[in-house]
Amino acid sequence: MAGNQKFYLRLAYTTDVPVSIWARPYFHGKQMFAGSNPSGKYNGSGEALGWFFLEQRGDEVDEIRIVAGDAGSGAPVVATYRVHVLRGSDHVVVEAEPGWLVDLRASSQAAFEKAYRAQQKE
């Protein structure tokens, strides 16, 4: 992983109450300092896009904890995903993005814009 390159996750969810969903990177049980996705509110069933990027060269991740709930009440970990991610050089190898990423990023952006417009009307 290169500098500011994002690690994306496709997250399936089913909920009967609105929740926010985040992907939190960890290494040896400690949360890493990383940039991550903002979260809108999700309700019902569908797919959410989670992502993070590592700030410092040499940072590693061995586990991603998926957190869902209300940010104000200490949202619980609902899933974990074992990985090995290493922040290396600033050289990025550009590869074609998978279709699911393109689609989820577009739907996430549309949802944020809709929520923003609704907030502006209030």
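- Taking all atoms of both residues into account, the shortest heavy-atom contact from Leu54 to Ala34 is CD2-CB, 4.1 Å.
- With rounding to the nearest 0.5 angstrom, the CH2 atom of Trp51 is 12.0 Å from the CG atom of Leu9.
- Here CD of Glu60 is found 13.0 Å from CZ of Arg87. Values are rounded to the nearest 0.5 Å.
- Here the shortest heavy-atom pairing between Ala48 and Leu104 reads O-CD1, 3.9 Å.
- When every heavy atom of Gln5 is checked against every heavy atom of Phe53, the shortest pair comes out as O-CB, 3.3 Å.
- A distance of 12.5 Å separates OH in Tyr42 from OG1 in Thr15, rounded to the nearest 0.5 Å.
- Residues passing the side-chain contact (heavy atoms from CB on, under 4.5 Å) test with Gln109, sequence neighbours excluded: Glu113.
- Connection of Val78 to Val17 is established within a shared hydrophobic cluster, with ILVMFWY side chains joined at heavy-atom distances below 4.5 Å, either directly or through further cluster members.
- For the salt bridge (Lys or Arg N to Asp or Glu O under 4.0 Å) condition, the pairs that include at least one residue of residues 77-86, sequence neighbours left out, are Glu63-Arg82.
- Every residue two or more places apart in sequence or in another chain that forms a side-chain contact (heavy atoms from CB on, under 4.5 Å) with Phe112 is listed here: Pro38.
- The CG atom of Leu11 lies 7.5 Å from the CG atom of Leu49; values are rounded to the nearest 0.5 Å.
- Of all non-hydrogen atoms in Gly35 and Glu55, the two that sit nearest each other are N-OE2, 3.9 Å.
- Remark: His28 pairs with Asp62 by the side-chain contact (heavy atoms from CB on, under 4.5 Å) rule, at least two apart or across chains.
- For Tyr26, there are no ring-ring contact (aromatic ring centres under 6.0 Å, His included) partners, not counting sequence neighbours.
- Between Val61 and Pro25, the closest heavy-atom pair is CG2-CB, 3.6 Å.
- Sequence neighbours left out, the pairs with a member in residues 99-108 that pass side-chain hydrogen bond (donor to acceptor under 3.5 Å, both in side chains) are Tyr8-Arg105, Glu97-Arg105.
- Here CZ of Arg57 is found 10.5 Å from CG of Leu86. Values are rounded to the nearest 0.5 Å.
- Remark: the backbone N or O of Ile21 is paired with a side-chain donor or acceptor of Ser39 at under 3.5 angstrom.
- Once rounded to the nearest 0.5 Å, the distance linking CH2 of Trp22 with OG of Ser36 reads 9.0 Å.
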Let me see the working for Ile64 and Phe7 under side-chain contact (heavy atoms from CB on, under 4.5 Å), right down to the final yes or no. CA-CA 10 Å; Ile64 301 168; Phe7 184 93; 3.5 Å; yes
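- Cluster annotation: Ile66 and Tyr81 are assigned to the same hydrophobic cluster (Ile/Leu/Val/Met/Phe/Trp/Tyr, side-chain heavy-atom contacts under 4.5 Å, transitive).
- A salt bridge (Lys or Arg N to Asp or Glu O under 4.0 Å) check over residues 10-28, counting only residues at least two apart or in different chains, returns the pairs Arg10-Glu47.
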